[in-house]
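What's counted below: heavy atoms across the whole structure, side chains too, no hydrogens, waters or symmetry copies. Nothing here was measured: the structure is a model prediction, and the numbers come from that model.
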Amino acid sequence: MTPTAWNCARCNAHLISFRAVARAAKRVMRGVGALLILGATPGPAFAHAIIVRTSPPQSGVGAADIGKVEVWYDAGIRDAFVALAVVNGAGERIDKRDAAIDASDPAHVTVGVNPLTPGKYTVRYRALSADGHIVSGAWEFEIK
């Protein structure tokens, strides 16, 4: 072999090695990109607010002189769009329209009510979750 032929073979070997390194680097960068994307997605801390407790209890029986209806969420909620309304069997709103988030517990919302007469009542709620989504729904309770 002539020295130039040997040198070409040597350069070709280096080029193959460089290509292998370049391919490996691309795979690593794709993996890092995937991890960054997965890390940017919200985790359980930013899930929609879920009711964990109510007073009176959902589908339960309450006392006529309860004074207020309460709801607790699994996490704090934002003050904007918070609503808690109590409706009687005739469809009339009977709460005091003073729904508020508890200053000491941002996951707790109350609304005042006057003494209630026997019958079924529906509580309608709406809240803005920490993730920015509005959650809403209703539950019933009964006064005997």
Donor-acceptor pairs under 3.5 angstrom involving side-chain atoms of residues 89-97: please list them, not counting sequence neighbours.
residue: Glu92; atom: OE1; partner: Asn88; partner atom: ND2; Å: 3.0
residue: Arg93; atom: NE; partner: Asp95; partner atom: OD1; Å: 3.3
residue: Arg93; atom: NE; partner: Asp95; partner atom: OD2; Å: 2.7
residue: Arg93; atom: NH2; partner: Asp95; partner atom: OD1; Å: 3.2
residue: Asp95; atom: OD1; partner: Arg97; partner atom: N; Å: 2.7
residue: Asp95; atom: OD2; partner: Val86; partner atom: N; Å: 2.9

The complete set of side-chain hydrogen bond (donor to acceptor under 3.5 Å, both in side chains) pairs with one or both residues in residues 112-122, sequence neighbours excluded, reads Thr117-Tyr121
Could you check Tyr73 against Ile50 for side chain to side chain contact (heavy atoms under 4.5 Å, CB included), going step by step and ending with a plain yes or no?
CA-CA 5 Å; Tyr73 295 92; Ile50 298 170; over 6 Å; no
Ring pair (Phe, Tyr, Trp, His ring centres under 6.0 Å) pairs touching residues 76-99, sequence neighbours excluded, are none
Quiz prompt | Backbone N/O of Ala49 and side chain of Ser129: donor-acceptor pair under 3.5 Å | solution = yes
Connected to Val52, directly or through other members, by ILVMFWY side-chain contacts below 4.5 Å are Trp72
- Message: So Ile66 and Pro56, do their side chains get closer than 4.5 Å, heavy atoms only?
- Response: yes
Contacts satisfying salt bridge (Lys or Arg N to Asp or Glu O under 4.0 Å) that involve residues 98-113 (not counting sequence neighbours) are none
### Task
Apply side chain to side chain contact (heavy atoms under 4.5 Å, CB included) to the pair Ile77 and Leu128, showing each step before the final yes or no.
CA-CA 6 Å; Ile77 57 170; Leu128 184 60; 5.9 Å; no
Applying side chain to side chain contact (heavy atoms under 4.5 Å, CB included) to Ala100 and not counting sequence neighbours gives none
With sequence neighbours left out, the residues meeting side chain to side chain contact (heavy atoms under 4.5 Å, CB included) with Asp65 are Ala63
With sequence neighbours left out, the residues meeting salt bridge (charged side-chain N to carboxylate O under 4.0 Å, His left out) with Glu70 are Lys68
For Val135, the hydrophobic cluster (side chain heavy atoms closer than 4.5 Å, chained through members) also holds none
Those residues at least two apart in sequence (or on a different chain) that pass ring-ring contact (aromatic ring centres under 6.0 Å, His included) with Tyr125 are none
Review point. Mind checking whether Val82 and Leu84 sit in one hydrophobic cluster, side chains of I, L, V, M, F, W, Y counted as touching below 4.5 Å?
Key: yes
| said: Hydrophobic cluster membership, with links at side-chain heavy-atom distances under 4.5 Å among I/L/V/M/F/W/Y: are Val123 and Ile134 in one? | reply: no
For Thr54, the side chain to side chain contact (heavy atoms under 4.5 Å, CB included) test, sequence neighbours excluded, returns Ile51, Gln58, Val71, Trp139
- For Arg78, look at atom CZ and say whether over 12 heavy atoms of other residues, nucleotides or ligands are found less than 6.0 Å away. yes
Of all heavy-atom pairs linking Val69 and Val113, the shortest is CG2-CG1, 4.1 Å
